[in-house]
Every structure is written in C-alpha cells, then in structure tokens.
> 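Just passing along the structure, written as structure tokens.
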Amino acid sequence: MALGSTFAALRHRNYRIWAGAGFVSVIGTWMQVLGVNWYVLEQTRSATSMGLAVLLQALPTLLLSVWGGALADRLPAKPLLIAAQAVHALLAAGLAVVAVTGVGGLPAIYAIALVTGAVSAIEGPVSGRWSSTLVDRKDLGNALALGSLTNSAGRILGMSAGAVVVAAVGPALLFAVNAASFVAVVGALFAVREGERHTGEPAAADAAPADGGIRAGFRYLLRQPVVLVALALSFVLGSLGRNYQVTMAAMSDGPLAAGASGYGVLSTVFAVGTVLGALVAARRRELGYGLLICAGLLASVLQIAAGLAPGTVSFAAVILPVAAAAVVIDTTVGARAQLDTDYAMRGRVLAALAVTGSVSAAVGAPLLGWLSEHAGPRQTLVLAGAVTAVATAAAGVALDALRDHRLRRRVTLVLAAPVVRRPARRVAAIATGVVRPAVRPVAVGRPALTPRPAATPRPAGSPPPGWYPASLRRPGVGRLPAGRLVRATPDCAGGAPAGSRRRSRSAGSAALVELSPPDCLP
C-alpha cells in the first residue's frame, strides 16, 4: 500500500483535529502517571505503595466501564466528553496543589487516583464511540491503528519528557502540564463539525437513547459468537502474553542479570515495538480475523523464543516484534468489535472490551509473577507462550467454523490447484522446442491433412498436392475467398521471417494463392 494509505484516516478533517488533541492529552497523561509514581515512591520508598496507586486507577474500569458503555449508547457524547475533560483538569490541578503544598499527603493522592480512574472508566467507551464517528467505515481500522500509534508515541514522549522535568523541578509541574492538556481536547470537541460525522444514521441519532441498558448489552453480546471468540482470545493473549512489565523485570533481575538499566532498555525497546506495530496495522487495508490469528501465533512463538534467549540483546530482538504483534492484536480486536456490531450497541461493546483488557491485566500480572518466582522466568515465558499458541489455534478453528469455513475452503482450493503453473508449462515448452523441432499440433476439430502419395490418383475436382482450401488456413493470413486454395512456400519450414507476399495463379477452375512467410499454414 502507498504511504498515503498508512495515514488514510487523516484525510478526514474531524479526525485530524481529534487526533492532534488526543496526542497532546496522551503526553500529559503519561507525564502525570510518572509524576504520581515518583511522588508516592519518594514519600514512602515502597514499590508496593506505588503499585497501590496504579491499582486504584485501574480498579474502577472493572466496575464502571459497563455503566460508561450504557451511557455512551444512551446520551449525547459531546456533553459527556466535555464534562469528563473538565473533571480531569480539576483532578490534575488538585495533584499539583498536593505536590506543592503537601496538603492531604498520600491519602489525597490515593483519593484523586481513584476518582481519576472512575472518570476514565466512564469516559473510555464514550470517547471510543465518539472517535468511531469521525471517519467512515472503510477507514475505521486505520483510525484505530493511528490511535495506537498516537498512544505509543505519546507514551514515549511523555515518559521521556516527564523524567527530565521531574528530576529538575519535581512532579508538580507534570500535573500542571496535564491539567492544561485537557484544554486542547475541549477545543477539539467544539471544532468538530457535526455534519461531517459518520454515525451510520442521522447525526441526531447520537442523542437518541438505545433500547435497554447493561443487561441488553450483555444479551446482545451473547448473540455475537464471533465477537465473543475474539474477546476470549484477547483475554488469553492479554493475560499470559502481554504482561511484559512483569516478565521483563523478572528476566532482567534473574537469568539476564541486566539490572535496572537493562530493564529500562528493554522497556524502551518494547515501546518502540508498539510504534512499529501501530504502523503495520495502519498499513493494512483490512484488519480481519485472519490477521488476528496470525499475529497471535507469531506473538506466542516469539514468546517461547524469548524464554530461550541467552542474553539481553537477543531477548530485546525478540520482544520488539512481540510488542508489534501485541498492538496489531489489540487494534484488530478493537476494529472487529466495532465493525461487526450494531452502532446502537457500540458503547457497551467497547465497555466489554475495556473490561476484558482490565481483567486480563489483573489476572495475568500476579499469575505470571507467581510462576516466575516458583518455576523461573524462562519456564514461565515458554509455558505461557505454549498456552497462548494452543488457544490461538483453537480460536482460529472456532472462528473459521462460525464464518462458514472460509479458511478451509481457501486451503482446499490451494491444495487442489495444479502443481505446474502456466509459467512452468511455458518454460517446459520452450525447452522442448530447443531440444527437438517443434511439432505443431493440429487444431481441434480439423482433420489432419497429409500429402497424398504420388502413386495415388487424385480424385476429380480435388486440389493439387500441397494445396488446401482457404478455410483451413492459419488465422492471421487474412481473409481469402472461400473458393480459393492456398499453399505454403518452402520458406515456411524454417520459420517465419519478417515480411510476406502472395503470388496468385490459376489451377484448373480454382484460383490458387501461394503464401510466403509469415502467412504459413499450420
């Protein structure tokens, strides 16, 4: 695909505005994440306390995302998003006040983290549904891939810039920058043109309530077996094949003996891999289930190879494509979850996707950590990779059965195709002609004409030896009257040089035409 197709979604004015504002907001968000972690670690000197702050932000997603999905399907998106950005800005400003004055201390930080997670849990499905209306259906997959690219690039830039700022002036400035970043999102919401949105329905339908609520969303998902299989595969891959924060740390501290610096390098490599994966997904014209299965199998096999990697460099070389495959998987699942479901249920489907991601992280991280401690980091990676490979293969079989055995039919067609293709037959024919003189085949449906022996008397009215009716001439000689006879000159035996001529004479009552190359008979 052309480079322009990689950024096809940027052709839409509304998406360009939203993507630019989102990039600014992502940078500010990751600066705040780093600032919170640094502040808690500086105050407590405890990694457990830092993990508690992360858990408080992630926990509301498990409890409130389904409510956010129902709101996304029942209420207008723009007022909800504006209110969410305003609350985010106030919470970030509150973190800045706590960091500067110390008022409230750690309890205030934890409370703000919890409220921030609750707002994000409700905002997520609303934002996802809103974003899907900024491009048409054919560019939705590309828009999701570019969203992954924006998040990955913003994470790298935000963490890098945040590390410099927090070392120089402390975390308060990071919180202030994040508070200001939400102004860009609110401005983008007002700049989007309602008439250019793609809802699949009239634009006013965004405000129309969908039937039912959370239970209606669950009932709808139960009637979508293809989406359920994709979500189940996403859960397995996310829990056992995606929690590299745990396995990279265990490998760095254990078999690789890379230490904290090595862990930092591996984290950077993983982040670069996510950017590459987003570019790969953006270049795909269609994000289908075949790509999902291929990416899952690739990530699983590479995870097994990562467990067998002898050193830090080889481990980094393997996790780079693993990170890329992880982004392709996430983007494909997100695209299919939206493309293969009704617009009226899209918010609740996105909420189910968010819950799946949160549960997979919550289940997978402690499980992989426990396995790394008791079985070893290498054994954990190999075992988890084998399980995800089997799960991906099973999901592929199930998806193929649910989609009328499309893959089986394609494989059958490939296996039934002739082994020797047309180019191979052409080469074989040329080689045969070089080894021995070519024997021109007689056209199907025409009698094989051979010269009569001289001793055989020629029937009355038949053409002379070597002369044939014009109706049996080789195509391309030209049109001759049907009553004429033709004969090739001796030059025809040696091929057909350029140029041709015709000599006419009379033979009895029939007009005879003698042909020279290239008007040769077969």
> So do the side chains of Pro60 and Leu114 get within less than 4.5 Å of each other, counting heavy atoms only?
yes
> As a quick check of understanding, evaluate side-chain contact (heavy atoms from CB on, under 4.5 Å) for Val227 and Thr341, giving each step before the final call.
CA-CA 8 Å; Val227 177; Thr341 54; 4.1 Å; yes
> Out of curiosity, Phe7 CZ to Asp139 CG, how far, rounded to the nearest 0.5 Å?
13.5 Å
> Return yes if some donor-acceptor pair links the side-chain N/O of Thr331 with the main-chain N/O of Val328 below 3.5 Å, else return no.
no
> Tell me, do Leu237 and Ser300 make a side-chain contact under 4.5 Å, heavy atoms counted?
yes
> Check whether any side-chain heavy atom of Leu189 lies under 4.5 Å from a side-chain heavy atom of Trp18, and answer yes or no.
yes
> Could you grab the distance from atom OG of Ser127 to atom CG of Leu350, nearest 0.5 Å is fine?
9.5 Å
> For the residue pair Ala230 and Leu292, what are the closest heavy atoms and their distance?
CB-CD2, 4.3 Å
> Can a donor-acceptor pair be found, under 3.5 Å and without considering hydrogens, that links the side chain of Tyr220 to the backbone of Asp342?
yes
> Going from CG on Leu71 to CZ on Arg348, what distance comes out if it is rounded to the nearest 0.5 angstrom?
10.0 Å
> Please confirm whether the backbone N or O of Gly147 pairs with a side-chain atom of Asn151, one donor and one acceptor, at under 3.5 Å?
yes
> Among Thr332, Asp400, Asp340, find the one that has a side chain to side chain donor-acceptor pair (under 3.5 Å) with Tyr289.
Asp340
> Can you name the closest pair of heavy atoms from Ala250 and Pro255 and give their distance?
O-CD, 3.8 Å
> Applying side-chain contact (heavy atoms from CB on, under 4.5 Å) to Ile156 and Trp30, what does each step give before you reach the verdict?
CA-CA 8 Å; Ile156 295 173; Trp30 282 104; over 6 Å; no
> Are side-chain heavy atoms of Leu80 and Glu123 found at a separation under 4.5 Å?
no
> Rounded to the nearest 0.5 Å, how far does CD of Gln303 lie from CG of Leu381?
5.5 Å
> What I'd like to find out is whether the side chain of Val229 reaches to under 4.5 Å of the side chain of Leu233, using heavy atoms alone.
no
> With no hydrogens and no angle check, do the side chains of Asn142 and Tyr15 hold a donor and an acceptor under 3.5 Å apart?
no
> When you compare the side chain of Val349 with that of Gln224, does any pair of heavy atoms fall below 4.5 Å?
no
> Checking Ser360 side chain against Thr356 main chain: does a donor-acceptor pair fall under 3.5 Å?
yes
> Would you indicate whether the side-chain heavy atoms of Ser252 and Leu266 approach each other to under 4.5 Å?
yes
> Look at the side chain of Arg378 and the backbone N and O of Gly307, then say whether any donor-acceptor pair between them is shorter than 3.5 Å.
yes
> Can any side-chain N or O of Glu196 pair as donor or acceptor with the backbone N or O of His12 at less than 3.5 Å?
no
> Quick one: closest heavy-atom pair of Leu64 and Ala121, and the distance?
CB-CB, 3.9 Å
> Could you grab the distance from atom NE2 of His88 to atom OG of Ser120, nearest 0.5 Å is fine?
3.5 Å
> How long is the span from the CZ atom in Arg219 to the CE atom in Met345, to the nearest 0.5 Å?
8.0 Å
> For Ala143 and Val135, work out which heavy atoms get closest and say how close.
CB-CG2, 3.9 Å
> Donor-acceptor pair, Asn14 side chain versus Arg193 backbone, under 3.5 Å?
yes
> In a check of side-chain contact (heavy atoms from CB on, under 4.5 Å) between Leu81 and each of Val186, Val185, Val126, which one passes?
Val126
> Looking at every heavy atom in both Val269 and Ile319, which two are closest together, and how far apart are they?
CG1-CG1, 4.2 Å
> Any non-hydrogen side-chain atom of Leu174 less than 4.5 Å from a side-chain atom of Trp38?
no
> Does any N or O in the side chain of Arg336 come within less than 3.5 Å of the main-chain N or O of Leu287, such that one atom is a donor and the other an acceptor?
yes
> Taking all non-hydrogen atoms of both residues into account, name the closest pair between Thr150 and Gly22 and its distance.
CG2-C, 4.3 Å
> For Arg16, look at atom CZ and say whether over 12 heavy atoms of other residues, nucleotides or ligands are found less than 6.0 Å away.
yes
> Test your reading of the model: is there a side-chain donor-acceptor pair from Thr388 to the backbone of Ala384, 3.5 Å cut-off?
yes
